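Structure in structure tokens, see below.
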Amino acid sequence: MVDLVEAVHARIVSLPFDNPSGGQVERTRGLTGLVYNTVRGVTRGVGGGMDALLGWLQPTTGAVPTLPTPEREAVLAALNGVLGDRLAATGSALATPMTLRQVGAATPRVLVLLHGLCMHDGQWLREFQGQGHSHGAWLARQSGWTPVYLRYNTGLPIARNGRELAAQLQVLAATWPVPIERLALLGHSMGGLVARSAIAAGLPGVTDLVCLGTPHHGAPLERAGHGLDRLLAQTPGLSRYSAPFTRLTRLRSAGITDLRHGLDTALPQGVRCRAVAGKLATRGLGDGIVPVASALASDPAREPHFAEADCLLVPATGHLDLLSSPTVAQQLSRWLA
């Protein structure tokens with residue numbers, strides 16, 4: 001932030017001919033430059049303190065205090081969604097590794113549940129009318145599925161997560177104690193795109209794919225950030241002073257950037273594919289995050305294409321409410337009977 005403010009300041013006080021090389025002016029001079037360097041030194045100290053605080057997010061067994069587990073997991077999931085690619089690139093202990101967690105005894109029906117952006121596997125459990133609900137536990141009781149919950153770094157590229165998931169599920173299938181008759185992938189939001197990527201990466205044996213609020217044709221909130229980036233950089237007469245602000249719009253992980261256009265590929269052959277969309281009263285916003293047209297992939301000019309009978313539109317339901325909707329639960333029971 002200090003660099004950004006100084007860059008704007010430098011461009012305001014400089015003249016167009018101050019830099020004959022044609023490069024952009026990013027630093028101030030003289031006493032002003034000294035002041036910025038002093039401020040920068042102070043913020044480095046603050047940054048060191050933040051590093052220590054972030055260290056509390058890492059589980060410890062000693063006397064070092066940590067946040068309670070639910071809060072720590074939520075913060076880490078959000079942090080990975082926004083900066084997960086950077087955390088992984090630097091080898092940070094805060095980067096979330098991909099793991100699979102089985103709940104219950106192994107049955108011939110394996111249900112893999114993939115969470116969405118900035119979330120983790122524990123957040124499939126949601127409150128509804130004062131009681132906890134999980135689609136995984138519901139389908140285990142209703143139809144004998146064994147839930148397997150995926151946890152992954154949502155800041156990484158979707159294709160990378162898809163490839164790694166395909167590899168891990170192949171190992172899981174090879175070591176499953178009973179023959180697998182059905183393998184279903186249930187993805188919420190970004191999780192649906194990761195599921196599709198895993199199948200495209202060569203994951204065999206998938207029989208069912210269900211996507212809840214998945215932005216198959218992209219998420220407009222990410223596109224808005226990208227549009228602001230381009231607008232600030234290209235507006236005639238303004239780019240000289242506003243271009244430094246484009247670095248703010250670039251503070252998005254690779255996973256978030258991948259949501260800009262969704263996944264423009266056909267659905268896998270031989271897999272029963274279903275899509276669910278929520279719709280709030282506010283016109284045009286779908287479930288508040290993903291438009292209905294994107295969640296149901298209803299643009300005839302773009303892939304994928306879901307059969308009308310394989311789509312469900314749930315009124316008065318927000319993006320996260322899809323995880324606890326009784327209507328969604330009942331439809332899942334029918335699709336995965």
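Counting from 1, the numbers follow the sequence of the chain as shown. Quick caveat, the model's predicted, so the values are computed rather than measured.
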Original post:
Could you walk me through whether His115 and Tyr152 pass the ring pair (Phe, Tyr, Trp, His ring centres under 6.0 Å) check?
Top reply: CA-CA 8 Å; His115 60 77; Tyr152 66 102; 4.4 Å; yes
Original post:
Heavy atoms, side chains only, cut-off 4.5 Å: are Val328 and His135 in contact?
Top reply: yes
Original post:
Applying ring pair (Phe, Tyr, Trp, His ring centres under 6.0 Å), which residue pairs with at least one partner in residues 164-184 are found, sequence neighbours left out?
Top reply: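 Of all non-adjacent pairs touching residues 164-184, none passes ring pair (Phe, Tyr, Trp, His ring centres under 6.0 Å).
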**OP:** Please report the C-alpha distance between Val276 and Gln331 in whole Å, then the side-chain angles of each, then the deciding distance to 0.1 Å, and finally whether the side chain to side chain contact (heavy atoms under 4.5 Å, CB included) criterion is met.
**Re:** CA-CA 9 Å; Val276 177; Gln331 186 62 64; 5.6 Å; no
Subject >> Donor-acceptor contact present, side-chain Ser253 to main-chain Gly81, <3.5 Å >> reply: yes
Subject >> Arg86 side chain reached by Leu83 side chain, heavy atoms, under 4.5 Å >> reply: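 Yes, at least one pair of side-chain atoms sits under 4.5 Å.
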**OP:** Enter the distance from Ile158:CD1 to Ser197:OG here, rounded to the nearest 0.5 Å.
**Re:** 6.0 Å
Original post:
Is the shortest heavy-atom distance from the side chain of Leu150 to the side chain of Met98 under 4.5 Å?
Top reply: yes
Original post:
Within the side chain of Thr257, is there an N or O that forms a donor-acceptor pair under 3.5 Å with the backbone of Gly255?
Top reply: no
**OP:** Tell me, yes or no, whether the heavy-atom count around Arg151 atom CZ, taken from other residues, nucleotides or ligands under 6.0 Å, exceeds 12.
**Re:** yes
Original post:
Got Asp121 and Leu113 here, is their nearest side-chain heavy-atom distance under 4.5 Å?
Top reply: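 They are not in side-chain contact.
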**OP:** Begin from the C-alpha positions of Leu169 and Val171 and carry the test side chain to side chain contact (heavy atoms under 4.5 Å, CB included) through to its verdict.
**Re:** CA-CA 5 Å; Leu169 287 181; Val171 174; over 6 Å; no
**OP:** Hey, could you give me each pair passing ring pair (Phe, Tyr, Trp, His ring centres under 6.0 Å) that has a residue in residues 75-95? Not counting sequence neighbours.
**Re:** none
Original post:
Pro268 and Ile199: which non-hydrogen atoms are nearest, and at how many Å?
Top reply: CB-CG2, 3.5 Å
Subject >> side chain to side chain contact (heavy atoms under 4.5 Å, CB included) partners of Ala200, counting only residues at least two apart >> reply: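 So Ala200 forms no side chain to side chain contact (heavy atoms under 4.5 Å, CB included) with any residue.
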**OP:** Could you tell me which residues satisfy side chain to side chain donor-acceptor pair (under 3.5 Å) with Gln170, sequence neighbours excluded, listed by chain and number?
**Re:** none
Subject >> Set of residues satisfying side chain to side chain contact (heavy atoms under 4.5 Å, CB included) with respect to Ala201, sequence neighbours excluded >> reply: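 Partners of Ala201 by the side chain to side chain contact (heavy atoms under 4.5 Å, CB included) criterion, ordered by chain and then number, come out as Arg163, Ala166.
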Original post:
What closest approach, in Å, do Gln123 and His120 show between heavy atoms, and which atom pair accounts for it?
Top reply: OE1-N, 2.9 Å
Original post:
Does a donor on one side chain sit under 3.5 Å from an acceptor on the other, for Thr146 and Thr107?
Top reply: yes
**OP:** Over all heavy atoms of both residues, which pair between Pro97 and Ala95 is shortest? Give the atoms and the distance, please.
**Re:** CD-O, 3.3 Å
Original post:
Within a strict 4.5 Å, meaning less than it, do heavy atoms of the Thr207 and Val271 side chains meet?
Top reply: no
**OP:** Enter the distance from Leu332:CG to Leu212:CG here, rounded to the nearest 0.5 Å.
**Re:** 6.0 Å
**OP:** Taking side chain to side chain donor-acceptor pair (under 3.5 Å) as the test, write out the residues that go with Trp138, two or more places apart.
**Re:**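 Testing Trp138 for side chain to side chain donor-acceptor pair (under 3.5 Å), a comparison that skips the adjacent residues, returns Ser333.
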Side-chain donor-acceptor distances from residues 178-196 under 3.5 Å, at least two apart:
residue : atom : partner : partner atom : Å
Arg182  : NE   : Asp208  : OD1          : 3.3
Arg182  : NH1  : Ala337  : O            : 2.8
Arg182  : NH2  : Asp208  : OD1          : 3.1
Arg182  : NH2  : Asp208  : OD2          : 3.1
His188  : NE2  : His319  : O            : 3.1
Ser189  : OG   : His319  : NE2          : 3.0
Arg196  : NH1  : His216  : ND1          : 3.0
Arg196  : NH1  : Leu263  : O            : 3.2
Arg196  : NH2  : Leu263  : O            : 3.0
Arg196  : NH2  : Thr265  : O            : 2.7
Arg196  : NH2  : Thr265  : OG1          : 3.2

Original post:
Linking I/L/V/M/F/W/Y whenever any side-chain heavy atoms sit under 4.5 Å apart, do Trp145 and Trp124 land together?
Top reply: yes
**OP:** Please lay out, stage by stage, how Leu165 and Leu203 fare under the test side chain to side chain contact (heavy atoms under 4.5 Å, CB included).
**Re:** CA-CA 8 Å; Leu165 176 60; Leu203 175 63; 5.6 Å; no
**OP:** Just jot down the side chain to side chain contact (heavy atoms under 4.5 Å, CB included) partners of Val103, sequence neighbours excluded, or say none.
**Re:**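 Checked Val103 against side chain to side chain contact (heavy atoms under 4.5 Å, CB included); matches are Arg101, Tyr149.
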**OP:** With sequence neighbours excluded, tell me which residues meet side chain to side chain contact (heavy atoms under 4.5 Å, CB included) with Ala137.
**Re:**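 Ala137 satisfies side chain to side chain contact (heavy atoms under 4.5 Å, CB included) with Ser134, Arg141 once adjacent residues are dropped.
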**OP:** Identify, with sequence neighbours excluded, every residue that meets side chain to side chain donor-acceptor pair (under 3.5 Å) alongside Thr96.
**Re:** Asn80
Subject >> Polar side-chain atom of Thr214 near backbone of Cys211 as donor-acceptor pair, under 3.5 Å >> reply: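 No, the answer is negative, given that no donor and acceptor are paired below the 3.5 Å cut-off.
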**OP:** Find the distance between CG (Leu117) and OG1 (Thr154) and round it off to the nearest 0.5 Å.
**Re:** 4.5 Å
Original post:
Is there a side-chain contact between Asp85 and Leu87 (heavy atoms, below 4.5 Å)?
Top reply: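 Result no, sub-4.5 Å side-chain heavy-atom pair not found.
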Original post:
Is there side-chain contact between Pro304 and His217, with at least one heavy-atom pair below 4.5 Å?
Top reply: yes
Subject >> For the student: nearest non-hydrogen atoms of Leu156 and Ala88, plus distance >> reply: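 Smallest interatomic distance, heavy atoms only, reads CD2-CB, 3.8 Å.
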Original post:
What pair of heavy atoms forms the shortest contact from Pro147 to Gly136, and how long is it?
Top reply: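 Smallest interatomic distance, heavy atoms only, reads CG-O, 3.4 Å.
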Subject >> Set of residues satisfying side chain to side chain donor-acceptor pair (under 3.5 Å) with respect to Asn161, sequence neighbours excluded >> reply: none
Subject >> Atom pair CZ (Arg272) and CG (Leu336), whose distance is rounded to the nearest 0.5 Å >> reply: 8.5 Å
Original post:
At their closest point, which heavy atom of Arg126 faces which heavy atom of Ser324, and how far apart are they?
Top reply: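 What the structure gives for the nearest pair is CB-CB, 3.7 Å.
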**OP:** Ignoring hydrogens and angles, tell me if any N or O in the side chain of Ser294 forms a donor-acceptor pair with the backbone of Gly218 under 3.5 Å.
**Re:**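 Confirmed, Ser294 side chain pairs with Gly218 backbone.
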Distance-only check: which donor-acceptor pairs under 3.5 Å involve side-chain atoms of residues 306-313, not counting sequence neighbours?
none

Original post:
Taking atom CG of Asp258 and atom CD1 of Ile256, what is their separation to the nearest 0.5 Å?
Top reply: 10.5 Å
